[in-house]
Structures are given as C-alpha cells and as structure tokens.
Amino acid sequence: MRTDTGHVFKLEDYRPCDYLIPRTSLDFRLSPDATHVTALLTIERRAGVAASPLVLDGDGLTLLGIAVDGHTLPASDYEATPDRLTILKPPAAQRFELRLETEIAPSRNEALMGLYRSNNVYCTQCEAEGFRRITYFLDRPDILSVYTVRIEAPHNEAPLLLSNGNPVESGTLGSGRHYAVWHDPFPKPSYLFALVAGALGKVAGSFTTMSGREVELGIYVEPGKEQLAGYAMDALKRSMQWDEEAFGREYDLDVFNIVAVSDFNMGAMENKGLNVFNDKYVLADEETATDADFANIEAIIAHEYFHNWTGNRITCRDWFQLCLKEGLTVYRDHEFSADQRSRSVKRIAEVRTLRAHQFPEDQGPLAHPVRPRRYREINNFYTATVYEKGSEVVRMIRTILGPETFRAGMDLYFERHDGEAATIEDFLKVFEDVSGRDLAQFALWYHQAGTPNLTVSSAHNAAAKEFTLEIEQSVPPTPSESRKRLMHIPLAFGLVGANGKPVAWTAVEGAMVDDGVIHIRKRRHTVRFSGISQRPSVSLNRGFSAPITLSVQQKADDQFFLAAHDSDAFARWQAFNTLLTDALIAAFRQILGGKEPVFAARLAELAGRIAGDETLEPAYRALALSLPGEADIARDIGKGIDPDAIFAAREAMARMIAEANREAFPALYESLADKGPFSPDAASAGRRALRNILLDYLSLLPGGAGLAAGHFNAATNMTDRAAALAVLAHRHPGTAEAEEALAAFEARYRGDALVLDKWFQIQAGVPGAKTVEKVRELMRHPAFSIANPNRVRSLIGTFSSANQTGFHRPDGEGYRLFAETVLEVEKRNPQVAARLATALRSWRSLEPGRQTKARQALLDMAKAENLSADLRDIVERTLA
Ligand SMILES: [Zn+2]
C-alpha cells in the first residue's frame, strides 16, 4: 500500500520522458505466493537528449536480478527501492536491453491492483498505476510499447493462459506445466497490459468485420456459469456492429476476449484484446438479473469495447487527460444504448444519473474540472465529472457543430492521432479544423469546475408582437477557483403555442440562434423574437443540451402546460419533474414550520393522466412517476438539510398520488402483467418498470403489504421479485410480509453471491433509525466479506450513499459505523475505501447538529495512522 507522500502532480509540470520503451517482453512463472517475472525491455534514449539516469517506477517491488545488454549490472551502477529503480549511468548507446527480475505474491494482493488472485484465478488490473506492482517500468500512459508475453503455470492450476493481442504459441512442458505466448502488435501504454490464468468456462462466438475479417470472440466465466454469459456475448456483437456503422471503427485483432472475475475494484477494464470485467456486469439471466442489470451489462460491454479506439488506439498523454478517453467513450456508449433502446428514456436516465452523482460533486469540496489540473492520487479522479460531465461536453460539441461536422471531426481525430498519446487540445483542434470555428471559449467546459446556472425571465409585448427572453449566466465558485470566466452554453429551446405546436418568429436578435439552439456566450443576453402575437410557453434546455441548472421565472400554469404538451420528450419530463421538486421543497418547508402553497392535488391528478397515457412509452411513464430522490431534493434545497423532513415530505406526496389514483392505478397495474415468456428487451422492461412503480404507489393504500407479498410470490423474474422485495422492506419494514419475503429470498439465493448483493442492498436501504444496527448485523452474515468490493458496495455503499434517513441518523451512529468500516476496508483496499468515503462530500449542507457529527467522523478518519494516499486525499479535501 502506498502511504501518502503529500506530493501533488500538476498538469503544467508535464514533460516527455527522456527514454522510450519500444519493446517489452514479459515472462511470468505463475505461483500464488511467488510469481517470478522477467521483463526484457528495449530502452531507447529520445533523439537529441543527453544521457541521464534512467528512473523506473515501482510499487512494493523486490529486485532479484538486473542486466544491461546481457551483463549483470554491478550494485554500484543502480539503486533499487520498492518504489523506484534508478540506473545511474545508462549505456551511451541510443538503444539498449534492460533485463529485470522481480518476484510478487498474487495471493496476498488484497488491493486488487497489479497481479492478484480472485477465486483461484490470476488476473491483473493495471489502470492507473498497477503495472508498477508487477515490474519496474516507465509506468505512464505516453510510453507506448509492443508487448510479447509468455506465461507458464501448472496445467491443473491454470489450464487457461491469456494475455493481450493474438495467441502465438503454446505447448506443454515437463512435470505437468504448460505455457502460452501472446503478441500484441499495437503499441500500448502499460495500464492496458493484462494477464489472466486459471480454470474458466468459455462461451465462444465470432464476428465478421466490415472488411470481412473473422474475429474469434470468447467470454470466460466461472465454470458452470456459461449459460449466464449469453446476453453479454450478444451485446458484444451488437457493439462491434454499431461502432462500424456509427463511427466507421473496425476491430483490429484476431481475437477478442472478456473475462469475468468476482473480485474487482471497478466495473470493467478495457485492456487491449482482453477486457477484464466485474462478473456483475457479465452474468445474467431472468432468474438472477433485473432489467437494470441487463441494461448495465449491455452498456458496459459496449463501453469497454469502444475503448479499443477511444483509449487504446488513441490513448491519453498523461492522467490529466483521463476524460479524453472516458468522457468520449461514455458519450459513445450512451449513443449506442440510445440506438438499441429508447432515445428519450435513455436521455432522461442519463440526466438523472448526472444530477445524482456529478452535480453534488460540482457543488461540494471535491469539485474539479473535467480535465483536472492537479491531483495527489489519480485513483480518486475516476469521477462522475470526468466520466459523465466529460460525456456531456462531447455531446455539446455535436450540438454546436451538427451531426455531419461532428462525425467529420471524429474521423479526423482517428486518422490524425491513431497510435498516439493525445490531449484535450488535440481533440478540440480536430473539430476546429473541420468546422473552421473557434472553440476557445467552449474549451472552458474542460478547464473550469462548477455547474453553470442560467437565470431566465420572459416578457411578451402584444402590441409590438415581440417576445423577449432575458438570460443571465453565472458559474458558482469552486475550491481554488473563486473567479469564473463566461462559458459558451448551447441552450436548445422551443416556443410552444397554446395548441402545443411550435410558434414561428420572423426575426431574432440578441444572440446567435441556430437550429433550435441559443448560443449563450456573454453574461447577459436579451433575446428578442419578433412577429409573435400570442404569449408562448418557453421550453428550455431541450434534450438537456447543456449540463447546467436553470432558474426560470415561469408560472406554474406554463409548467403544467409543458408537462402535458411539450413535443420534446425530455423537456416534457423535466417540466413535470420540476413541478414535483418544487412541491416537495414547499412541503419540506411546511414541515419545518413554513407556509408555502403546495399544488399537490393538481400534481397527483397529472401523475394519473401521465400513468395512463397510452401515447407515451411505459418506460417513460415509469420515469415520470418516480419522484425526485431524497438526495435530489436536498441538493435543490441547498443547506440546512434535515433528511427526516425530506423523507416525510416525499412520503406524503407519494400517498397523495396513490390516493388520488386509487381507482385507476389497480386496473393499469393488472393490465401490465407479463403475458408471454420473459424477454429483456427495452419494451418489455418498460412495462415491468411501470407496473413495479405502480406497485410501489398501491402498496401505500390499505392492503398494500398483501398486494406486494402477492407480487413477490408470483414473480417469475428477478426484476419483479427484487422490486416487490424492496417495496415490502422499505414501505412495510418489520411486517410479517416483509420478514417472510426477506427470508424466502435469502433461502432461494443462498450461495449466489451476486444475487445476495441485492438482498444486502435492499436491507441497507430501509429508511429510518433502525437500519444502522441491521447493517452491523449483516456485516456478520456468512455471505458478507469486507475484502470483496461488490459486497462492500452493496451493503456499506448503499447505506451511506442511498439511505438518507438511516445514514444521517441524528445521533451520528450512521457516521460512526461508516468511519469504522471505511478504515477497516482501507487496510486491504485503499481505492475502494476512498471511493466509499466520498459519501460525506455534502456534509456542509446538513443542519448544524448532523453537520457537527459528520465532521467528527471525517476527523476520526483523518487522524488514523498510516492512511493511504487515496483515503487521505479524499478526507482532507472533504474537510478543507
Ligand atoms: Zn472507460
């Protein structure tokens, strides 16, 4: 484990390395406690650079042997520490061979970085800086090397030996051992290196690329689970096809392999030709996976595959450029899912995710630009800002340039930078070159943190037939950036007439208005539309064209009108969601003694109309009916948060909607029951989503627990079973129905760790004061393991980031459990601990009593001895 050195890495300090490593040959003799690694590196001094000491990165390594050009290096010529190897006087020749021997212990690697064992399978995770836990290397993304890898192991222990690239050779050796050699012709950075060895079951497939090449596909899973990998294989083939059609990108190796492992810090990893996945994102069937799981599998398989071009063929120059591969690849996987499913439903879901995860980041102590300028620990920058906001920035480029010019820019990017380690400047330049436009102001989206806000008011002058929008932009201050520059915000909009149709205008002045988009570039714009005789309703930020917040002075009547009539599906959903949020905030203030009007009855009636509107997709209706989350409401309130009052307001609103629709909802619920055999397709999933949210409302009416228990018992798939279990546990905690269902679920899935994660999750999410003790009890459950990231995230992650009333218990007991557990996880796995610790990032918005207790928990973590760089970085920034 790397303890904190306090070193801060800065973007402006980047300089190319004096040395390159054009070729890397690795030889692994695998053994759980003593794996022998021999690295043969071709080292090249960069042209025109004087000979200087060669410094290689390490992390906890022991050097067993070192030779230069075949000669053992005398001890006086180098210095080796666990974290660094310095060759004091490298040969004068431009090029030389460095041979290094190290020994590592995969079975004792609980940080799950570098080479480790998961369920007796050897696997690697090298991004961002795990390769240096295997051998000394120039472990930075701008050092591209061609790898040849030889793996040797006892056949019975590891019948399967995989690495990047194409298989070259394999054979048997004496005493039950065997070997395999892999060669990857594409130069790549060390973070994309991968090795997998063990006994795994295989699902095979094939794909013919657009130029007619055959690619062998393999998905490797725990033996006996092969039948659960069919959906992932199908998603992989659809991804390969889509990238050819949408971006003209063809796959480039003879094989493409995916391996599912059960101990994994992240979702999945895009290693060249050998993706390694958290098994949660591969294994699925109707008995074990929900519709959301199927959608996630499809999206993550696609995401990692798409990295082959955006990330692997063109990689990042340094880790500050992480969004170059991540933001862009998230954008690509979003587009893929939108094409495979429903575009408007997908868009709403994306925006909900962005608001739930990225907005709080931007508004709290951990705020950073999409391209950060400094970091202490890069592992802490795999954030919603880099991924989700990074994707929104790419989407805005497309909105500004239009689809054809955007595609031309992408084509130029692939052509110009293939085989290179690139930067955000390189990426923006291709779009400037194809469009002839200056994107300098737009580039602030990469450089400046914070969520911009637009304040909008409107006025209509009937006599002059003029409609005016007053728009003002501001960007709130964020840590270390108090003064902000003005941004270029593409604001898609529509003027909607009383008949629901768009209103035409004869002229517009005050801003560039182009193809339904107002380009906001100054602090204030007065946008004047002429030739408008009747006052229109204004639909703003259609399709969520920019990741901003809006403060619109608009009458509730206009909002109700847009919620019923806006032709832009996203904006229509948004109008209803804004009304719900406003009503919930008003109710929150009433609970705390205020007197604000609540138009809940009118909303409940509109909710009923949306639920039954057959012209809308069921998935869309389900999203509209799902009330803003407690954390979303808290974010909009801003400060003085009392999670119990928010919960009460939300609960009351749900009851009001249920009671107002007590006649209509039961019939609709009945009509949506699955008729044919199970299918995970988007339309079927949408019907289940709508039916399950109706169940949630109906469970609040008399007899609700019985209805949910019936739903649970009759369920023929995991989506319905898990939804009913959550309704019982969350709406009717402690009842016989809830307890029986929880016990039945546990008995049915005992032994299936991934499914029991749902059981942990549902119980960790039970609202109220008693859940802290329940979580403590579940941590002693035989299926729980503090060493497994999926278990920890299901139980502790859900409790701390998705259970507002339980976690923020007024006496601080939730925070105490949290701090203790984070420190316990930290001993093994600093990366997972640091990720968990971000759950307290919004502590300053709490009411004073909770705030004091939350701060104490952070201080308790900060004063623990020997904190990792990962956790110290998060805790100190959160407290700053
Ligand atoms: Zn990625």
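Positions are given from 1, in the same order as the sequence printed here. As the structure lists them, so they are numbered: ligands from 1, and atoms in each ligand from 1.
Taking the N/O/S atoms of His303 in turn, the shortest distance to the Zn ion (ligand 1) belongs to NE2. Closest to the Zn ion (ligand 1) among the N, O or S atoms of Glu326 is OE1. Between the Zn ion (ligand 1) and the N, O or S atoms of His307, the shortest distance is to NE2.
When distances to the Zn ion (ligand 1) are checked against a cut-off of 2.8 Å, Glu270 contributes no N, O or S atom below that limit.
A side-chain donor from one of Ser868 and Glu826 sits under 3.5 Å from a side-chain acceptor of the other. Inspection of the Asn275 and Glu304 side chains reveals no N or O donor paired with an N or O acceptor under 3.5 Å. Side-chain contact of Asp339 with Trp242: a donor-acceptor pair under 3.5 Å is present, judged by distance alone.
Annotation: ring-ring contact (aromatic ring centres under 6.0 Å, His included) contacts of Tyr14 (sequence neighbours excluded): none.
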